[in-house]
Amino acid sequence: KFHDDRGVHQQDAVPRSSAAQAMTALVGRGAGDDVAAVATGDDDVAIQAEEPQQKLNALEHNIAQKGQSAYYYAHATAHSRGPAWDGEAAPRLLERQASETPKRKVAITRYAWTDEGSKLRLYVPIDGADSGVVALHWTPTSLALTVEFADSTHALVVAQLYDPIADASHKVKPDKIVVTLKKQPERSTFKWFDLKRVTSAAAADETAAAAS
């Protein structure tokens, strides 16, 4: 205090305390800034920002602030976001799929046959034939026998039979398959000297069929 010419005691202007300045700053920040003010006995104010409970990426943060008006809202689907990053730099397994191993293809080259007049018998030795899936496909001039196992497919393909046939059937036994070929009635007495009629076209067809 001091005495002026008029005899009036006046008090010097006191600088605003740090507490007052801090409180003013708090009022200016507004309620949406998530800040807390703590007054102490020394008029000190501690201002501490609350830590977010969950870290958001740029897309989620934008949506959290602006809602449906956010620029990224249209892209905020579960499929576009993908799995949440676990913070590890190493690759992470997302899915397992069973891989399919292609079956081994085996051409049947060992067989025996006999001409019995009106029909022929074809004997194809295959161990465990009765445990596989046997299929016989035929036309009057061709024959295809397949045996499928878990890891392999065995096939006998005759693109051109020695003479046309009227029917074909088969029987499966534990160690072999017996195929019966019935000759056409008007050709029942025709003698077969081979199972297949060898031509360049037929050989090419058999090679292609065995590879497929």
Handout entry: For Thr180, side-chain hydrogen bond (donor to acceptor under 3.5 Å, both in side chains) partners two or more places apart
Key = Arg121
Exercise for the section: May I ask you to decide if Ser152's main-chain N or O and Arg104's side chain share a donor-acceptor pair within less than 3.5 Å? Expected result: no
Problem - Student check: side-chain heavy atoms of Thr153 and Val147 closer than 4.5 Å - result: no
Fill in the blank from the handout: Here the salt bridge (Lys or Arg N to Asp or Glu O under 4.0 Å) pairs for residues 131-146, sequence neighbours left out, are none
Practice task
Check whether any side-chain heavy atom of Val198 sits under 4.5 Å from a side-chain heavy atom of Lys196, and report yes or no.
Solution key: yes
Handout entry: Pairs satisfying ring-ring contact (aromatic ring centres under 6.0 Å, His included), at least one member in residues 103-155, at least two apart
Key = Phe149-His154
Problem - Which atom of Ser142 lies closest to which atom of Ala159, heavy atoms considered - result: CB-O, 3.5 Å
Practice task
Hey, could you give me the OG/CG distance between Ser118 and Leu181, rounded to the nearest 0.5 Å?
Solution key: 11.5 Å
Output side-chain donor-acceptor pairs under 3.5 Å for residues 126-135, partner residues at least two apart or in another chain, one line each.
{"residue": "Ser131", "atom": "OG", "partner": "Gly128", "partner atom": "O", "Å": "2.6"}

Exercise for the section: Kindly assign one of parallel, tilted or perpendicular to the pair Tyr162 and Trp192, based on the angle between their ring planes and the thresholds 30° and 60°. Expected result: tilted
Practice task
For Lys183, check side-chain hydrogen bond (donor to acceptor under 3.5 Å, both in side chains) against everything at least two apart and list the hits.
Solution key: Asp115
Exercise for the section: Provide the full list of salt bridge (Lys or Arg N to Asp or Glu O under 4.0 Å) pairs with a residue in residues 132-141, sequence neighbours left out, each pair given once. Expected result: none
Fill in the blank from the handout: Distance col, row Ser188:OG vs Lys182:NZ, nearest 0.5 angstrom, shows 10.0 Å
Problem - side chain to side chain contact (heavy atoms under 4.5 Å, CB included) between Leu122 and Leu156, intermediate numbers included - result: CA-CA 11 Å; Leu122 175 63; Leu156 170 63; 3.9 Å; yes
Practice task
List for me each residue that meets side-chain hydrogen bond (donor to acceptor under 3.5 Å, both in side chains) alongside Thr189, sequence neighbours excluded, and say none if there are none.
Solution key: none
Handout entry: Verify same cluster id: Val106, Ile177 (apolar side-chain graph, 4.5 Å)
Key = no
Exercise for the section: Hey, could you give me each pair passing salt bridge (Lys or Arg N to Asp or Glu O under 4.0 Å) that has a residue in residues 139-167? Not counting sequence neighbours. Expected result: Lys103-Glu148, Asp163-Arg187
Problem - Under the side chain to side chain contact (heavy atoms under 4.5 Å, CB included) test, residues paired with Lys171 that sit two or more places apart - result: none
Practice task
Apply side chain to side chain contact (heavy atoms under 4.5 Å, CB included) to Thr141 and list each qualifying residue two or more places apart in sequence or on a separate chain.
Solution key: Thr139, Gln160
Handout entry: Separation of Leu120 CG from Leu195 CG (nearest 0.5 Å)
Key = 7.5 Å
Problem - In one Ile/Leu/Val/Met/Phe/Trp/Tyr side-chain cluster, 4.5 Å: Val178, Leu161 - result: no
